[in-house]
Amino acid sequence: MHRRKRYWSPEEQQRWKVRKPSPSLERDRRHRLNWKTPRRSRSRSRDREAYWGRSRRPRSRDVRLSVSTSSQSENYSMRSSALEKARTRNHHHQVSRKRRSRSGSYTSSKSQRSAKDSQRSAKDSQQNVEDDKQGHLVCWTGDRILDRYEIVGSLGEGTFGKVMECVDHGRGRIRVALKIIRNVQKYREAAQLEINVLKKIRERDQENKYMCVLMQDWFEFHGHVCIAFELLGKSTFDFQKENNFLPYPLRQIRHMAYQLCHAIKFLHDNKLTHTDLKPENILFVNSEFITTYNEGQKCEEKFVKNSSIRLVDFGSATFDHEYHTTIVATRHYRPPEVILELGWSQPCDVWSLGCILFEYYTGFTLFQTHDNREHLVMMERNLGPLPRRMVYKTKKQKYFHNGSLIWDDTTSEGRYVSKNCHPLLSYKTGNSPEHRDLFDLLRKMLEFSPTLRITLTDALKHPFFNNLSPEEKNIGSRTSRDLSR
């Protein structure tokens, strides 16, 4: 805390130059300041003097004091004259401004006040930006970002950040999804990589017909990378969860599979691998639905009206020439070559797509586990034994003995796998050609060897897609989303 310096008038300076403060006055002053100057240490007194500020009264009558006081008197007179001139100039300026405002050359005082108020509110909104302990931006409904995006609701929150539903006042008050990345260095770097991928997608798909989400804008806001997307409906996972995890109709599974094959093939043709395909990253364009009563399940069942979807979340997408991390994909959709650390490429997306289609068909995941060894055992129970070449090539030999997985069926984990994992064809709920074609396609997508796994070019020629309607074959058709979510 520093005291404001006081300028002494010449009369006061003369008075204090002649008369030295008495010891009693000096004692009283020290008592008021609640400290005493120690006799043995001068450094402490200097420290206290620097903290409290020097005394208002000159301590001694010497040459240095007289020089300083004379300079102070000059400064005082100069400053007083300058202040008088400034006041006079400001007065004339205000009078002339009032006259000119009356003549119409200046805006009215009311408009000036409103402009100042808006500037002040914008400044206050910028100053009140804060983050929580995890680095998420603290924001509420009604807040504005960059005085353009008005928050109207929340669409979700994850490890990367949060997604808010906003009104974009800069583009005709349309509604957008604003992805606000956490103010953490590694997430900011990942967001920049995602922006590069989204720019590449927009450049290669100018007509926007390959079912990849459309990035409209991106910017930085107080350490947060923000990406504005088109507003879509619910994810296929959220819709199935709210529908009691009932399976999707086979007709809708075929339509969604056809769109996903086109979208992922578009990425592969442009030297990209998504690496994080899952139902949470596949969104309906419009999530409106109709409700009927399911007699078999004794509950209400929802059917989405339009099964058009969009692929989102390219934060883990990797170009072919970029560094490939060892582990990719969410656990339940992770291919065997990633678990065995044999390297991965674009076929890993095909494996994930097969797991997703199985989940749409049954309502549950094919590999419900969180352990590598158990995951490999489930694969063998569902799809047959692992190829010997992959077993001997992997560095994960701790899982194997003499080429076979080390596993005990008598443990609790072994009993769980034996009870819940069965051959793939046993999950088929119908014997029609459509069901047989779907499981034939799934078996080819869930091939252990990446080199033998079906490509998406061949998948699009599979008989499973022969019964698509002309409207369903018209990929990339954009419909209005459900705004009453």
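Atoms considered below: every heavy atom in the structure, side chains included; atoms not considered: hydrogens, waters and symmetry mates. This chain uses plain numbering: 1 for the first residue, then up along the sequence.
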Do Tyr360 and Phe237 have side-chain heavy atoms sitting under 4.5 Å apart?
-> no
Decide whether Tyr416 and Thr411 meet the rule of one side-chain donor and one side-chain acceptor closer than 3.5 Å.
-> no
With rounding to the nearest 0.5 Å, note down the distance linking CZ in Arg202 to CD1 in Ile195.
-> 10.5 Å
Salt-bridge present (Glu434, Arg251; N to O < 4.0 Å) = no
Which of these passes side chain to side chain contact (heavy atoms under 4.5 Å, CB included) with Cys261: Leu441, Leu456, Val350, Thr455?
-> Leu456
Search all heavy atoms of Leu260 against all heavy atoms of Ile309 and return the closest pair with its distance.
-> CD2-CD1, 3.8 Å
By ring pair (Phe, Tyr, Trp, His ring centres under 6.0 Å) - contacts of His332 (at least two apart) | His370
Could you tell me whether the side chain of Ser426 and the main chain of Pro423 form a donor-acceptor pair under 3.5 Å?
-> yes
Within the distance-only criterion (no hydrogens, no angle test), does the side chain of Arg334 pair as donor or acceptor with the backbone N or O of Val328 below 3.5 angstrom?
-> yes
Are more than 12 heavy atoms from other residues, nucleotides or ligands located less than 6.0 Å from atom CD of Gln206?
-> no
May I have the step-by-step check of salt bridge (charged side-chain N to carboxylate O under 4.0 Å, His left out) for Asp147 and Arg144, ending in yes or no?
-> CA-CA 5 Å; Asp147 200 28; Arg144 284 204 182 191; 3.7 Å; yes
Salt-bridge test for Lys209 and Asp205: reply yes if a basic N is under 4.0 Å from a carboxylate O, no otherwise.
-> no
Inter- and intrachain pairs under salt bridge (charged side-chain N to carboxylate O under 4.0 Å, His left out), touching residues 371-383, at least two apart | Arg381-Asp409
If we ignore angles and hydrogens, is there a donor and acceptor under 3.5 Å between the side chains of Thr410 and Asp408?
-> yes
Residue pairs passing the ring-ring contact (aromatic ring centres under 6.0 Å, His included) test where at least one lies in residues 372-410, sequence neighbours excluded = Phe367-His375
Flag for Asp276-Thr330: side-chain donor and acceptor within less than 3.5 Å | yes
Parallel, tilted or perpendicular: ring planes of Phe439 versus Phe358, cut at 30 and 60 degrees | perpendicular
Pair Phe465-Tyr258, ring-ring contact (aromatic ring centres under 6.0 Å, His included): steps then yes or no | CA-CA 7 Å; Phe465 298 117; Tyr258 185 74; 5.5 Å; yes
Under the side chain to side chain donor-acceptor pair (under 3.5 Å) rule, what do Thr451 and Ser449 come out as? Steps first, then yes or no, please.
-> CA-CA 5 Å; Thr451 56; Ser449 176; 2.9 Å; yes
Does Glu322 use its side chain to pair, donor to acceptor, with the backbone of Phe319 at less than 3.5 Å?
-> yes
Gap between atom CG of Leu283 and atom CD of Glu230 - 0.5 Å precision = 9.5 Å
According to the ring-ring contact (aromatic ring centres under 6.0 Å, His included) rule, which pairs have a member within residues 335-354, sequence neighbours left out?
-> His324-Trp344
Using modelled atom types only, decide if a donor and an acceptor are shared between the side chain of Thr318 and the backbone of Ser316 within a distance under 3.5 Å.
-> yes
Note: Ala257 and Leu357 closest approach over all heavy atoms is CB-CD2, 3.6 Å
Would you please say whether a donor-acceptor pair under 3.5 Å links the side chains of Glu189 and Gln185?
-> yes
Flag side-chain contact, heavy atom, 4.5 Å: Pro335 against Arg453 | yes
Say you draw a straight line from CG of Leu267 to NE2 of His262; how long is it, rounded to the nearest 0.5 Å?
-> 13.0 Å
Considering only heavy atoms from C-beta outward, does the side chain of Thr159 approach that of Gln134 to under 4.5 Å?
-> no
Would a distance-only check, ignoring hydrogens and angles, find a side-chain to backbone donor-acceptor pair under 3.5 Å from Glu337 to Pro450?
-> no
Ion pair present between Arg175 and Asp168, side-chain N to carboxylate O less than 4.0 angstrom?
-> no
Using the salt bridge (charged side-chain N to carboxylate O under 4.0 Å, His left out) rule, collect all pairs that involve residues 386-403, keeping only residues at least two apart or in two chains.
-> Glu341-Lys396
For the side chain of Tyr427 and the backbone of His422, is there at least one donor-acceptor N/O pair under 3.5 Å apart?
-> yes
Donor-acceptor pair, side chain of Asn270 and main chain of Phe266, under 3.5 angstrom = yes
Judged by atom type as modelled, is there a donor-acceptor pair below 3.5 Å linking the side chain of Gln259 to the main-chain atoms of His255?
-> yes
Is there any ring-ring contact (aromatic ring centres under 6.0 Å, His included) pair reaching into residues 148-189, and which pairs are they, with sequence neighbours excluded?
-> Tyr149-Phe219
Which is it for Asn372 and Arg331 under the side chain to side chain donor-acceptor pair (under 3.5 Å) test, yes or no, and what are the steps along the way?
-> CA-CA 9 Å; Asn372 280 340; Arg331 160 64 69 183; 2.8 Å; yes
Rounded distance [0.5 Å steps], OG in Ser235 versus CD1 in Ile282 = 9.0 Å
Glu242/Lys234 under salt bridge (charged side-chain N to carboxylate O under 4.0 Å, His left out): CA gap, chis, key distance, verdict = CA-CA 10 Å; Glu242 294 177 6; Lys234 297 176 182 178; 2.7 Å; yes
Between Arg182, Gln192, Lys179, which is the residue that forms a side chain to side chain contact (heavy atoms under 4.5 Å, CB included) with Val225?
-> Gln192
Hey, mind stepping through Asp349 and Lys265 against salt bridge (charged side-chain N to carboxylate O under 4.0 Å, His left out) and telling me if it holds?
-> CA-CA 10 Å; Asp349 283 345; Lys265 179 181 178 297; over 6 Å; no
Does a side chain donor of either Asn183 or Asp131 reach within less than 3.5 Å of an acceptor in the other side chain?
-> yes
Mind listing the closest non-hydrogen atom pair of Met378 and Cys421 along with its distance?
-> CG-SG, 3.3 Å
Would you find a donor on one side and an acceptor on the other, under 3.5 Å apart, between the side chain of Ser287 and the backbone of Phe284?
-> no
Salt-bridge test for Lys302 and Glu288: reply yes if a basic N is under 4.0 Å from a carboxylate O, no otherwise.
-> no
Counting only N and O atoms by type, is there a donor-acceptor contact under 3.5 Å from the side chain of Glu150 to the main-chain atoms of Gly142?
-> no
Just how far is it from atom CG of Leu342 to atom CE of Met390, taken to the nearest 0.5 Å?
-> 5.0 Å
dist Cys348:SG -> Leu353:CG (nearest 0.5 Å) comes out at 11.5 Å
Steps toward side-chain contact (heavy atoms from CB on, under 4.5 Å) verdict (Glu300, Asn294) = CA-CA 6 Å; Glu300 290 186 346; Asn294 189 324; over 6 Å; no
Should the pair Asp440-Arg436 be classified as a salt bridge under the 4.0 Å nitrogen-to-oxygen rule?
-> no
